Participant: 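First, the structure itself, so that you have it in front of you.
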Amino acid sequence: MMQQWFKDAKLGIFIHWGIYAVNGIAESWSFYHDGISYEDYMKQCEGFTAKNYDPKAWAKLFKSIGARYSVLTTKHHDGVALWDTKTNDLSVVKKTPAARDLVKPWVEAMREQGLKVGLYYSHLDWSHPDYASIYREDERKNLDKLVRNRYTHPSGEEDFEAWERFLKFHREQLKELMTEFNPVDLLWFDGDWEKSSDQWRMPELREFLHSLNREVVLNSRMWNHGDYRTPEQGIPIVRPEGPWEFCVTVNDSWGYQHDDKNYKSVRQLVRMFAECIGMGGNMLLDIGPMEDGTIDPEQEKRLLGLGEWINKHEEAIFETDAGLPLGHFYGPSTLSKDKKTLYLFCFDRPYDDIGVKGIRNKIKKASVVGTDIELNHRNMGGAPWLNIPGILWINVQEESLDKNCTVIKLEFEEELDLYRGTGQNIEVN
Ligand code: GLC
């Protein structure tokens, strides 16, 4: 069920941690696409030590930068569980030198810092012997055109009993997660696309999960039987309907890859984050720890940079909703819950004034968030007799500018009153 905490959370930290960090290759996809043999991929188990794993330090870091929740990959498409599953032997507990449950201490550490706990779980499992047992229904009609993948498709006849066994295993793993780490605040699913909603029995799955915990928030990678959308890597242009969360990597990879130095800058992260909250969404920023549990200093630096900006601008971020619709101001904005304060996010350096259109309210005060600076402003033009406001020009001087993104605070006496028209002829003067 959607929860208010999620809508108010704004920032979450996504963690892709698994054996793929050993060689520093793509999580699961590297063997699926034959970049490495399955056997060699699994050999990474031998090098996965988690020897410097310090989830308490992770939690402190996330908390300090303003994140309100975090999501950890408990099992990616490769099928390697990070917790001590009783359903099979494919876990870091049984197959790697780490030899212990890594989810449990993580959950405890997050809770200690007051962060909500999100568990990523891949429905599909390219290691499970019963998984590649049936086709998705719509594939059966086009078998001749289908590019078959051995991890996904049956090699011979379909085996429906095997699929039943797989579903049982899938439910059992989820039950383990939901009971052992109860209460899980969020289940972050992935990998629904290889079988249909009917084959996964998604509505039944939703009920099952709710029978274990009514409150759990579910993302929509359950053929849309979840609670919110998850646009990924490509930032939305149009505001998605309903609650949503943009997941994005700090460089180009979900997991740790030694060679990937294509990092987003702090300023770019700040901008993306402001875009998300301006459209009422959250940002789930992904990092990929190394096999030993170290967070790469380059990744940490960016998290801290984003956090510094968030901490300075807290009031414009938390306890706010989406701001102005497009067209009023050339940048994102947020609105306080009482609708009496508007926050404008300025990405670029203004020449002198910045303009905001369509505001009917009288401005009580204009200021710069995180400073004592008050700003001069004036309203020019408009057709007051038709209740069409002019342009509000706010004068922003060099000394007001934040190095990453300046936030202007506009305070009104009353709730924001917006003009949304197309203009009008003046018939009576
Ligand atoms: C994609 C990828 C997967 C990654 C996920 C995160 O679905 O398949 O590797 O974990 O995005 O959103």
Side-chain angles (χ1 to χ4, degrees), residues 2-3 5-18 20-21 26-29 58 61-62 65-77 82 106 110 115-124 184-193 216-224 226-257 260 262-264 266 268-289 295-296 299 302-303 306-307 310 317 322 332:
M2 185 34 71
Q3 304 289 344
W5 76 258
F6 181 84
K7 295 198 221 160
D8 291 338
K10 314 295 178 189
L11 181 69
I13 301 299
F14 207 176
I15 305 164
H16 274 65
W17 194 33
Y20 36 86
E27 66 293 343
S28 313
W29 291 103
W58 290 7
L61 170 67
F62 304 163
I65 65 166
R68 298 280 169 93
Y69 67 112
S70 182
V71 178
L72 173 68
T73 47
T74 62
K75 186 184 92 167
H76 205 264
H77 312 331
L82 254 64
W106 181 85
M110 295 302 135
L115 292 162
K116 296 285 181 186
V117 167
L119 304 183
Y120 168 108
Y121 179 83
S122 169
H123 297 293
L124 64 84
V184 173
D185 300 301
L186 165 67
L187 273 178
W188 209 102
F189 287 116
D190 196 16
D192 56 356
W193 59 84
V216 67
V217 177
L218 304 170
N219 80 345
S220 294
R221 297 189 181 181
M222 339 178 24
W223 287 93
N224 291 328
D227 303 313
Y228 73 90
R229 284 163 210 261
T230 57
E232 145 176 355
Q233 299 287 33
I235 196 155
I237 306 299
V238 176
R239 181 177 172 180
E241 258 173 57
W244 62 280
E245 168 203 72
F246 173 55
C247 56
V248 64
T249 48
V250 72
N251 49 4
D252 286 334
S253 317
W254 294 104
Y256 181 68
Q257 299 203 23
D260 183 354
N262 199 20
Y263 285 107
K264 288 154 189 108
V266 169
Q268 287 164 343
L269 293 172
V270 165
R271 286 188 178 210
M272 289 192 308
F273 178 59
E275 301 256 19
C276 290
I277 61 174
M279 289 194 285
N282 292 347
M283 185 163 95
L284 183 62
L285 180 61
D286 179 80
I287 55 167
I295 297 177
D296 185 305
Q299 305 196 3
R302 279 155 181 88
L303 257 47
L306 173 64
I310 289 179
I317 298 165

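Remember, it's a predicted structure, so these values are computed and weren't measured experimentally. All values below were derived from every heavy atom in this structure, side-chain atoms included, with hydrogens, water molecules and symmetry-related copies excluded.
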Participant: May I ask you to check whether H16 and T73 show a side-chain donor-acceptor distance below 3.5 Å?
Facilitator: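 Not at all, the side chains of H16 and T73 share no donor-acceptor pair under 3.5 Å.
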Participant: Any side-chain heavy atom of K75 within less than 4.5 Å of one from L82?
Facilitator: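 They are not in side-chain contact.
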Participant: How close do A9 and R68 get, counting heavy atoms only, and between which atoms?
Facilitator: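 Nearest heavy atoms, A9 then R68: O-CG, 3.3 Å.
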Participant: Are S220 and W244 close enough, and set up right, to give a side-chain contact (heavy atoms from CB on, under 4.5 Å), and what steps lead you there?
Facilitator: CA-CA 9 Å; S220 294; W244 62 280; over 6 Å; no
Participant: Would you call L187 and N219 a side-chain contact if the rule is heavy atoms closer than 4.5 Å?
Facilitator: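 Counting from C-beta outward, L187 and N219 never come under 4.5 Å.
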Participant: With a 4.5 Å heavy-atom cut-off, do M272 and M283 have their side chains touching?
Facilitator: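 Side-chain contact under 4.5 Å: yes.
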Participant: Any donor-acceptor pair under 3.5 Å linking the side-chain atoms of N262 with those of D252?
Facilitator: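 Result is yes, a qualifying pair exists.
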Participant: Using side-chain contact (heavy atoms from CB on, under 4.5 Å), reason through T74 and Y120 one step at a time and then give a plain yes or no.
Facilitator: CA-CA 6 Å; T74 62; Y120 168 108; 5.5 Å; no
Participant: Answer yes or no: is there a donor N or O on one side and an acceptor on the other, between the side chain of N282 and the main chain of E245, under 3.5 Å?
Facilitator: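 A pair under 3.5 Å: no.
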Participant: Measure the CG-CG distance between L285 and L269 for me, rounded to the nearest 0.5 Å.
Facilitator: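 If I round to the nearest 0.5 Å, the distance is 5.5 Å.
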Participant: I'd like to know whether S70 forms a side-chain contact (heavy atoms from CB on, under 4.5 Å) with I15, so could you lay out the CA-CA distance, the side-chain angles of the two residues, the decisive distance to 0.1 Å, and finally the verdict.
Facilitator: CA-CA 8 Å; S70 182; I15 305 164; 3.6 Å; yes
Participant: Which residues pass the side-chain contact (heavy atoms from CB on, under 4.5 Å) test with Q268, sequence neighbours left out?
Facilitator: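 Per chain and number, Q268 pairs via side-chain contact (heavy atoms from CB on, under 4.5 Å) with K264, S265.
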Participant: Search all heavy atoms of A21 against all heavy atoms of P289 and return the closest pair with its distance.
Facilitator: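 Nearest heavy atoms, A21 then P289: CB-O, 3.6 Å.
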Participant: Any side-chain heavy atom of V71 within less than 4.5 Å of one from L186?
Facilitator: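 They are in side-chain contact.
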Participant: Nearest 0.5 Å, what's the CG-CG distance between L124 and D190?
Facilitator: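 So the CG of L124 and the CG of D190 are separated by 7.5 Å.
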Participant: Output all residues satisfying ring pair (Phe, Tyr, Trp, His ring centres under 6.0 Å) with Y263, sequence neighbours left out; order by chain, then residue number.
Facilitator: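 Per chain and number, Y263 pairs via ring pair (Phe, Tyr, Trp, His ring centres under 6.0 Å) with no residue.
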Participant: So, does Q299 use its side chain to make a donor-acceptor pair with the main chain of G288 at under 3.5 Å?
Facilitator: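 Looks like yes, one N/O pair under 3.5 Å.
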Participant: Quick one, L306 with V270, criterion side-chain contact (heavy atoms from CB on, under 4.5 Å). Give me CA distance, side-chain angles, the key distance, then yes/no.
Facilitator: CA-CA 6 Å; L306 173 64; V270 165; 3.9 Å; yes
Participant: May I ask you to check whether S122 and H77 show a side-chain donor-acceptor distance below 3.5 Å?
Facilitator: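 The criterion, which ignores hydrogens and geometry beyond distance, is satisfied for H77 and S122.
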Participant: Can you tell me how far the CE atom of M222 sits from the CG atom of D227, to the nearest 0.5 Å?
Facilitator: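 Separation between the atoms: 8.5 Å.
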Participant: List the steps, then state whether salt bridge (Lys or Arg N to Asp or Glu O under 4.0 Å) holds for E232 with R221.
Facilitator: CA-CA 12 Å; E232 145 176 355; R221 297 189 181 181; 2.5 Å; yes
Participant: Please tell me if the side chains of F14 and V250 come closer than 4.5 Å, counting only heavy atoms from C-beta onward.
Facilitator: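 No. Closest side-chain heavy atoms not under 4.5 Å.
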Participant: If you measure only the distance, is there a donor-acceptor pair under 3.5 Å linking the side chains of D260 and S253?
Facilitator: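 Yes - a donor-acceptor pair under 3.5 Å links their side chains.
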Participant: Would you call the rings of F6 and Y228 parallel, tilted or perpendicular if under 30° counts as parallel and over 60° as perpendicular?
Facilitator: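 Tilted, since the angle between the ring planes falls between 30° and 60°.
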Participant: Between G280 and A322, what is the shortest heavy-atom contact and its length?
Facilitator: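 So the two residues come closest at N-CB, 3.5 Å.
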Participant: Once you round to the nearest 0.5 Å, how far does CD1 of I65 lie from CZ of F62?
Facilitator: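 Going from CD1 on I65 over to CZ on F62, the span is 7.5 Å.
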Participant: Report yes if some heavy atom in the side chain of I310 is under 4.5 Å from a heavy atom in the side chain of I317; otherwise report no.
Facilitator: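 In short, these two side chains touch, coming nearer than 4.5 Å.
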Participant: Identify the heavy atoms of A274 and P332 that sit nearest to each other, and give their distance.
Facilitator: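 Heavy atoms only, the tightest pair is O-CB, 3.5 Å.
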Participant: Keeping W254 on the side-chain end and A26 on the backbone end, is there a donor-acceptor pair under 3.5 Å?
Facilitator: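 The answer is no, because no donor-acceptor pair under 3.5 Å joins these two groups.
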Participant: Side chains of E27 and W17: any donor to acceptor distance under 3.5 Å?
Facilitator: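 Looking only at side-chain atoms, E27 and W17 do not form any donor-acceptor pair under 3.5 Å.
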Participant: Is there side-chain contact between D185 and V217, with heavy atoms separated by less than 4.5 Å?
Facilitator: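 No. Closest side-chain heavy atoms not under 4.5 Å.
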Participant: Out of curiosity, Y69 OH to L115 CG, how far, rounded to the nearest 0.5 Å?
Facilitator: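 Nearest 0.5 Å value for the OH-CG distance: 11.5 Å.
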Participant: Any donor-acceptor pair under 3.5 Å linking the side-chain atoms of Y20 with those of H76?
Facilitator: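 No, no side-chain donor-acceptor contact under 3.5 Å.
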Participant: Atom CG in L284, atom OG1 in T249: separation rounded to 0.5 Å?
Facilitator: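 Here the rounded value is 11.0 Å.
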Participant: Within the 4.5 Å heavy-atom criterion, are W188 and T230 side-chain neighbours or not?
Facilitator: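 Yes, side chains in contact.
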